[in-house]
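Structure first, commentary second.
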Amino acid sequence: MAKPPSTDFIRVIITKDLQANKHDGRVATRFPPEPNGYLHIGHAKSICLNFGIAADYKGTCNLRFDDTDPSGESIEYVDAIKADVRWLGFEWNDREFFASDYFEQLYQYALQLIKAGKAYICSLSPDEIREHRGTLTEPGKESPYRNRSAEESLDLFERMRAGEFADGAHVLRARIDMASPNLNMRDPVLYRIKKVPHYRTGDQWCIYPMYDFAHCLSDAIEGITHSLCTLEFENNRPLYDWILDELKTPCHPQQIEFARLNLSYTVMSKRMLADLVGKGLVSGWSDPRMPTLAGMRRRGYTPDAIRTFCERIGVAKNDSVVDMELLEHCVRDDLNEHAPRAMAVLRPLKVIIDNYPADKTEEFDAPNHPQDPGMGSRKIPFSRELYIEQDDFLEDAPKKFFRLAPGREVRLRYAYFIKCEQVIKDKKTGEITEIHCTYDPETRGGYAPDNRKVKATIHWVSAPLCQEAEVRLYDRLFTVANPGAEAEKAGTEFTAFVNPDSLETLTSCKVEPGLAQAAPGSRYQFERLGYFCVDPVDSSEDSLLFNRIVTLRDTWAKMQEKDGK
RNA sequence: UGGGGUGUCGUCAAGUGGCAAGACACGGGGUUUUGGACCCCGCAUUCGGAGGUUCGAAUCCUCCCACCCCAGCCA
């Protein structure tokens, strides 16, 4: 009910800042994606953190597109990112910003830096700059252009902007310290020439600010109080602070770093995700197996479950890999409460009730949720011929197998007790083609008047009165928990660990007739099987298609697995 | 062989000198018309290691070890 307040180290810092009246009682965060790719569950962690903090402290959270490198950025990504953030459940109202809107202001800031002697135009080639940078253990060498006069740098910078030079001819560099043990402080590049049109500013600019210059100033311009980013930017913090200090901006946001999210059995890097898409190992960025928000949405994951997950994993500075099972737990937990139940047979086995009249049908009332009567009920047709799950019948059943077997009785959920009398096999293949049973008319509704018990209740569907459907069964994308690390160890491509069984398509599934009207995107629990979602893309009026979101916990499968080992 | 970080249960993660929260996973039991859900119970004498300070240390000090990040005109 009342969830305990989050007390991660960032909130502790913010609470202290508030007590000290550090930003006159204001809390302002931002989520700053670069519009050059899709958002994934790792971004969701950052989104929940930034928007969550804003909500907790009655502050604000800006959505800012960090679009300072036009190559690869596009409005399509902007739109996709906005859709994803909204879907996750966050609203930024009019606080939508673009670093590209600050280009002129940033340029003016750069001018100030040059005038103050804190930045200069360097005309070394990229290779030369790298050579001058030194190494991790040796200091760098100063650029021969380092002492260029402010006037000359100003002139060159203006001409860079005017397009007089080719890409790479000059860059603007901060004048800091070529001997700094922090390589980011060895006169970092602040602006580069890139004669590439920008998706928002067109050909207005041919010089673009680097991340380190644009990000801190964008934060300052927006009055951000706490600038949250991932651990790999820790080394950039001194530069973040240097720029803001040198430019005496009216506001100096505090950069705080936290560990990015890693999830077992998947990958999170943009490069690897792009590889999966590029090599056709998945159908695209929104393939239901992808850890992208678009993929999870299509798979049927709920925004609620993802938000809960982001809360549960916490925020800290440890490099960590969160168990995929926790995400699945959050999904099940949400769906268990909210998804209506339905019966579906994925791998049908024909059952004939010999003592049930061939021309008879009747209807059983089935609650849509066994624990929540408020969700109502629906009618399910019953007839002489049914389908049950192949897994629910075993000819030579061990004692621990509770389901149907020759001579054994089980309950058909909400219907009757049936007893297996005969197994019919294909004479050539030996494959079981159908089984014959008898039913006990006294057990209507699934209760035996003599109070006798059955060990199992199985799901079923009427053979003549059911709906055909296709079902896509998804499983973890990789066979190993940490594909990146595993590949490095083995000296192979991470794609070598893609799970060949991550997608299984079942085409002749039988689902209860009411599901014919299921709306795209709607989610159900198929009893005893898992949670499924009507595919919002490929499902249509004449071909019903379900994605498996996640299985139910399956202790029977677990027992078998253990026995097998 | 520089600098910046991090090391607490299988996995996340609280804890900030007073005697190891919680969650997932796992194991056991109850209940059950989903081998589901739900409900109990169990699960780190120990906090990367070794010393030291202290009545008392995961928390303080010293040394050591492991892992991550940084040498893009990417973010």
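Lettering of chains follows the sequences in order, A, B, ..., and the numbering in each one begins at 1.
For the pair A:R161 and A:Y107, the cation-pi test (distance below 6.0 Å, angle within 45°) is passed.
Between the side chain of A:R523 and the backbone N or O of A:G300 there is at least one donor-acceptor pair closer than 3.5 Å.
Contact check, A:H459 against B:U34: no side-chain N or O comes under 4.0 Å of OP1 or OP2. For B:G3, the OP1/OP2 oxygens have no side-chain nitrogen or oxygen of A:T137 closer than 4.0 Å. Between A:N318 and B:A13 there is a side-chain N or O to OP1 or OP2 distance below 4.0 Å. For B:C12, the OP1/OP2 oxygens have no side-chain nitrogen or oxygen of A:K45 closer than 4.0 Å. Under 4.0 angstrom from either OP1 or OP2 of B:G35 there lies at least one side-chain N or O belonging to A:R528. At least one side-chain nitrogen or oxygen of A:K558 sits closer than 4.0 Å to the OP1 or OP2 atom of B:C26.
Under the ring pair (Phe, Tyr, Trp, His ring centres under 6.0 Å) rule, A:F382 has a single partner from A:Y414, A:Y387, A:Y416, which is A:Y416. Screening A:F103, A:F165, A:F157, A:Y109 against A:Y191 for a ring pair (Phe, Tyr, Trp, His ring centres under 6.0 Å) leaves a single residue, A:F157.
Between the C1' atom of B:C67 and the CG atom of A:N262 lies a distance of 13 Å, rounded to the nearest Å. The CZ-P distance, from A:R312 to B:C12, rounds to 16 Å in whole Å. Taking atom OH of A:Y265 as the reference point, atom P of B:G10 lies 16 Å away to the nearest angstrom. Per the geometry, CZ belonging to A:R403 stands 11 Å off C1' belonging to B:U34, to the nearest Å. Per the geometry, CG belonging to A:D177 stands 12 Å off C1' belonging to B:G3, to the nearest Å. Here B:A13 presents its P atom at 15 Å from CD of A:E311, a figure rounded to the nearest Å. Distance A:L335 CG to B:U34 P: 19 Å, rounded to the nearest Å. Between the C1' atom of B:G3 and the CE atom of A:M178 lies a distance of 15 Å, rounded to the nearest Å.
Atom name C1', nucleotides B:A20 and B:G15: the rounded distance is 8 Å, in whole Å. Annotation: B:U8 and B:G35 have their C1' atoms spaced 36 Å apart (nearest Å). Using C1' as the reference atom, B:A14 and B:G22 are 7 Å apart when rounded to the nearest Å. Atom name C1', nucleotides B:C63 and B:C55: the rounded distance is 26 Å, in whole Å. Going from the C1' atom of B:U46 to that of B:G56 covers 16 Å, rounded to whole Å. Comparing the same atom, P, in B:C9 and in B:A50 gives a spacing of 16 Å after rounding to whole Å. Separation of the C1' atoms belonging to B:A23 and B:U59 is 23 Å when rounded to the nearest angstrom. Rounded to whole Å, the C1' atom of B:U34 lies 46 Å from the corresponding atom of B:G48.
Remark: B:C38 base-pairs with B:G30; criterion is Watson-Crick or G-U wobble with both hydrogen-bond distances under 3.5 Å. With a cut-off of 3.5 Å on both Watson-Crick or G-U wobble distances, the partner of B:U16 is given as none. In this entry B:G51 has B:C61 as its Watson-Crick or G-U wobble partner, both defining distances falling under 3.5 Å. Pairing partner, B:A66: B:U6, with both Watson-Crick or wobble hydrogen-bond distances short of 3.5 Å. When both pairing distances are held under 3.5 Å, B:C43 makes no Watson-Crick or G-U pair with any nucleotide shown.
RNA chain B is contacted by both A:D323 and A:L552; A:D323 maps to the nucleotide lying nearer its 5′ end (nearest heavy atom per residue). Residue A:S320 is the one, among A:E527 and A:S320, whose nearest nucleotide of RNA chain B lies closer to the 5' end (criterion: closest heavy atom).
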Name every donor-acceptor pair, under 3.5 Å, that has one atom in a side chain of residues 261-269 of chain A and the other anywhere in the protein, sequence neighbours excluded.
residue: A:N262; atom: ND2; partner: A:S320; partner atom: O; Å: 3.1
residue: A:S264; atom: OG; partner: A:M324; partner atom: N; Å: 2.9
residue: A:S269; atom: OG; partner: A:M272; partner atom: N; Å: 3.0

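Applying the side-chain hydrogen bond (donor to acceptor under 3.5 Å, both in side chains) rule to A:H198 yields no partners; only residues at least two apart in sequence or on another chain are considered. In this structure A:E131 satisfies the side-chain hydrogen bond (donor to acceptor under 3.5 Å, both in side chains) test with no other residue, sequence neighbours excluded. With sequence neighbours excluded, the residues forming a side-chain contact (heavy atoms from CB on, under 4.5 Å) with A:N182 are A:S180, A:N184, A:M185, A:N235, A:P238, listed by chain and number. The ring pair (Phe, Tyr, Trp, His ring centres under 6.0 Å) test applied to A:H215 returns A:Y211, not counting sequence neighbours. Residues satisfying the ring pair (Phe, Tyr, Trp, His ring centres under 6.0 Å) test with A:Y240, not counting sequence neighbours, are none. By the salt bridge (Lys or Arg N to Asp or Glu O under 4.0 Å) test, A:E73 is found to be paired with no residue, residues two or more places apart in sequence or in another chain being considered. Residues passing the salt bridge (Lys or Arg N to Asp or Glu O under 4.0 Å) test with A:K45: none are found, sequence neighbours excluded. Remark: A:D391 pairs with no residue by the salt bridge (Lys or Arg N to Asp or Glu O under 4.0 Å) rule, at least two apart or across chains.
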* To do: Under the salt bridge (Lys or Arg N to Asp or Glu O under 4.0 Å) rule, what do A:E389 and A:R528 come out as? Steps first, then yes or no, please.
  => CA-CA 10 Å; A:E389 209 68 60; A:R528 304 208 306 132; over 6 Å; no

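Among the atoms of the strands shown, only primed sugar atoms or phosphate atoms (P, OP1, OP2) are found under 4.0 Å from some heavy atom of A:V321. Across all strands, A:P370 comes closer than 4.0 Å to base atoms (heavy-atom distances). Counting non-hydrogen atoms under 4.0 angstrom, A:F401 reaches a base of the nucleic acid. Within 4.0 Å of A:E337, counting heavy atoms only, lies no atom of the nucleic acid at all. Nucleic acid contact class of A:V12 (heavy atoms, under 4.0 Å, all strands): none. Here A:R186 lies out of heavy-atom contact (under 4.0 Å) with every strand.
Counting atom types as modelled, A:E325 pairs no side-chain N or O with a base atom of B:U11 as donor and acceptor under 3.5 Å.
Within residues 266-275 of chain A, no residue has any heavy atom closer than 4.0 Å to RNA chain B.
With its glycosidic angle within 90° of 0, B:G72 is assigned syn.
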* Give the B/S/- string for nucleotides 68-75 of chain B, one per nucleotide from 5' to 3', where a protein heavy atom under 4.0 Å of the base yields B, of only the sugar-phosphate yields S, and otherwise -. => SBBBSBSB

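Between A:Y38 and A:Y77, a ring centre-to-centre spacing shorter than 6.0 Å is recorded.
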N/O to N/O distances under 3.5 Å, protein versus nucleotides 37-40 of chain B:
residue: B:A37; atom: O2'; partner: A:N336; partner atom: ND2; Å: 3.1

